[in-house]
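A short worksheet on the structure shown next.
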Protein chains: 2
Amino acid sequence: MHKRATITDVAEKAGFSVATVSRFFADNGYPVSSDASKKIEKAARELDYTPNIVGRMLKTNSSRDIGVIIPTIRNPFYPDVLLGIEKSAASRGYQILLCNSMRDRETEIKYINSLYQKQVRGIILASAQNNLSYENLAGKGMHIVNLESDDSCGFCSGIDFDYRLGGRLLAGHLKDMNHERIAFITSPLTKKSRQDILEGIRSIYKDRVLTVIDNRETEDETGIYEYQMGMRMAGDILKSGKSITGIIAVNDMTGAGVIKGIMDLGLDVPGDISVAGFDNIDLSSMISPSLTTIDQPGFETGKLAANMIIDLIEGNEIKYDRLEPRLIIRASTGKAGGKYD
Amino acid sequence: MHKRATITDVAEKAGFSVATVSRFFADNGYPVSSDASKKIEKAARELDYTPNIVGRMLKTNSSRDIGVIIPTIRNPFYPDVLLGIEKSAASRGYQILLCNSMRDRETEIKYINSLYQKQVRGIILASAQNNLSYENLAGKGMHIVNLESDDSCGFCSGIDFDYRLGGRLLAGHLKDMNHERIAFITSPLTKKSRQDILEGIRSIYKDRVLTVIDNRETEDETGIYEYQMGMRMAGDILKSGKSITGIIAVNDMTGAGVIKGIMDLGLDVPGDISVAGFDNIDLSSMISPSLTTIDQPGFETGKLAANMIIDLIEGNEIKYDRLEPRLIIRASTGKAGGKYD
DNA sequence: CCCCTTACAGTAATCGTTTACTATAAGAGT
DNA sequence: ACTCTTATAGTAAACGATTACTGTAAGGGG
């Protein structure tokens, strides 16, 4: 294994100074004669030279990486987001550093610090716990885009998705189907989005919604925690004998688990219980019954987030469209008491 | 936004030389007096100093990033792998740079180059097309672990998963269920794994297996291509009137699509046609009928791959266990003609 | 013919670390 | 008392790029 060629090697071989070689590769306006260009190009090719990004970064202090922190890549909503991010990022010459926080606060902080040390100038957070303090980062030139704009983080930019309306749409749908009492199954209300969905539901059902909050938060690395949580909690509710005919899950993955949990008890969805999710991940149309849900376009969200963080980094003006929640009615919801029609 | 503190700032504030500060943070054997340690620690804290990885990398030429290239993160098998990689990597102080090739050769090459420029010393490839030439990289100190050991890449290390045996197990299972003629649905045989699965199947079915190869390869960014491919091709086969009673799909995602495609035509799985997949992703037990498949432990594979690449980078000896394929029988396979029993 | 501008190239400082050397002082061993 | 280690600290040269300056030659306008 021989050493990598450096800009100096190329300069020597081509018979020009490193400055000229640097300019040739920078390809910004600075003029380089065609004679020089030809010789440098040739030398670089023969030496198999390609610029060392690290050297460049040290000097220019401009990383072209953006950090992305998500709870877990096993919930397919996040791969969607990630692809959107990658798409926008790639087209603007940025690459992503992926971090799975596994919903663990300490891991999240560790990753944020590590990104900071790597001179990353922008982080997209999809994992943020409320009140996690980033103040110190802000002052140090770090930009943050929070996928769910969180009031508690004053200087974070956010993609504004109307979770509240999402919750309202779902609740309205169930109400239309004559469901009198419903349950909302969720992980802890430590994220604004979850609180908002609940608020939306309450705006319709007032106190006739049973909120069932899971007590555990940290993700396991094996198995899909949300799915299992859905199964477990659906079972708990049904066995508790509460008069519930509809369940809204905080996301599709949980919703899929809820359906499974209900069916495992020998009951029918939606005959006995209607179930709805949130996100509209691909899975929701693959399972049966297919899942009624709110479409939250992950890919689009990702694209938006990436463009936003890059605009922040590059000091451009930012101004984007909102993404609107859309109700997707599928087979998992039906009239209350529908089985006995 | 004020400037980040550098090692020099800390040195001045603490009243020691940068060398000592550097040693304090390096925390390798070099002795630093407790007096110095205390003062440096204090100064660093007050200045909110944290080492600049870029500066360090330039000097030490040792990136602690490893590149991971996968076809698409939308097939949940890869998130599993990725989590495994992240787990091992994190525990050894490495971080991952994620790249989705979208099964596009050019994108793959672009990413590889970009990783090389970033001084990454090791890449885990899950995307490799056969014959993609990495020779030039090898000579430049880049290590490569190919998730499917590919003979055509002499110097790549690989995780040895016995795809052939996997194919054999599935075929054997169908044979046991009296299926006379089956089909194998796959994307192009440009990966060794796919060829091996087919070989395994053929070792049992000889020429009584219809191999249906999809012609498109590049991934779309929206929708899960493999799922749609499965749907489409299942439809094609059935409409062609071939006397097939069992279908093996190249992976679970495709298999899920196959089941959907069959059911959309009003047929029953496994009553009319048995279907099997490969991978054992979570999805395969969530759909109905649940999918018979081969368990390929993605998480374990990822852990192995990460340890391997890091051992290669650090010059350690490498020696690992093989992962064995395991047949998982679920509801999507049954006796040939089972519907009419 | 003189002045100005433009094209082009080189010199050398700089980015934030690490580390090979060099240096000093305190014990340890004889 | 002399040599050998060991602990501790500093000096200064890298690492591979970028870029502010400086300089030169050619061409244009007057």
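A, B, ... follow the sequence lines: proteins, then strands. Residue 1 opens every chain. These figures come from a predicted structure and were not determined experimentally.
Heavy-atom minimum distance, P79(A) versus I73(A): CG-O, 3.5 Å. Across every non-hydrogen atom of K118(A) and V54(B), the tightest pair is O-CG2, 4.1 Å.
If you check every strand for non-hydrogen atoms under 4.0 Å, S22(A) touches a base. Residue N52(B) is in sugar-phosphate contact alone, with no base atom involved, counting any heavy-atom pair closer than 4.0 Å across all strands shown. Among the heavy atoms of the strands, none lies under 4.0 Å from A26(B). V32(A) comes within 4.0 angstrom of the backbone, heavy atoms only, and of no base.
The outermost nucleotides of DNA chain D lying under 4.0 Å from heavy atoms of chain B, listed 5' to 3', are dA7(D) to dG16(D). Bounding nucleotides for the chain B contact on DNA chain C, 5' to 3', at a heavy-atom distance below 4.0 Å, are dG16(C) to dC21(C).
Atom NZ of K13(A) has more than 12 heavy atoms from other residues, nucleotides or ligands within 6.0 Å.
Atom CE in M102(A) sits 13.0 Å away from atom CD in E108(A) (nearest 0.5 Å).
Nearer to the 5' terminus of DNA chain D, by closest-nucleotide assignment, is the contact made by Y30(B) (compared with the other of Y30(B) and K59(B)). For D35(A) and Y49(B), each mapped to the nucleotide of DNA chain C holding its nearest heavy atom, the one lying further toward the 5' end belongs to D35(A). Of the two residues contacting DNA chain D, namely R23(A) and L58(B), the nearest-nucleotide position lying further toward the 5' end is that of L58(B).
Judged as a salt bridge (Lys or Arg N to Asp or Glu O under 4.0 Å), the pairs with a partner in residues 91-102 of chain A (not counting sequence neighbours) are, in order, R92(A)-D311(A), R92(A)-E314(A).
Within the 3.5 Å criterion, the main-chain N or O of P297(B) finds a donor-acceptor partner in the side chain of T301(B).
Aromatic rings of F16(B) and F24(B) (six-membered ring for Trp) have centroids beyond the 6.0 Å cut-off, not under it.
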Step by step, work out the side chain to side chain contact (heavy atoms under 4.5 Å, CB included) result for L82(A) and L98(B).
CA-CA 10 Å; L82(A) 218 41; L98(B) 178 66; 4.1 Å; yes
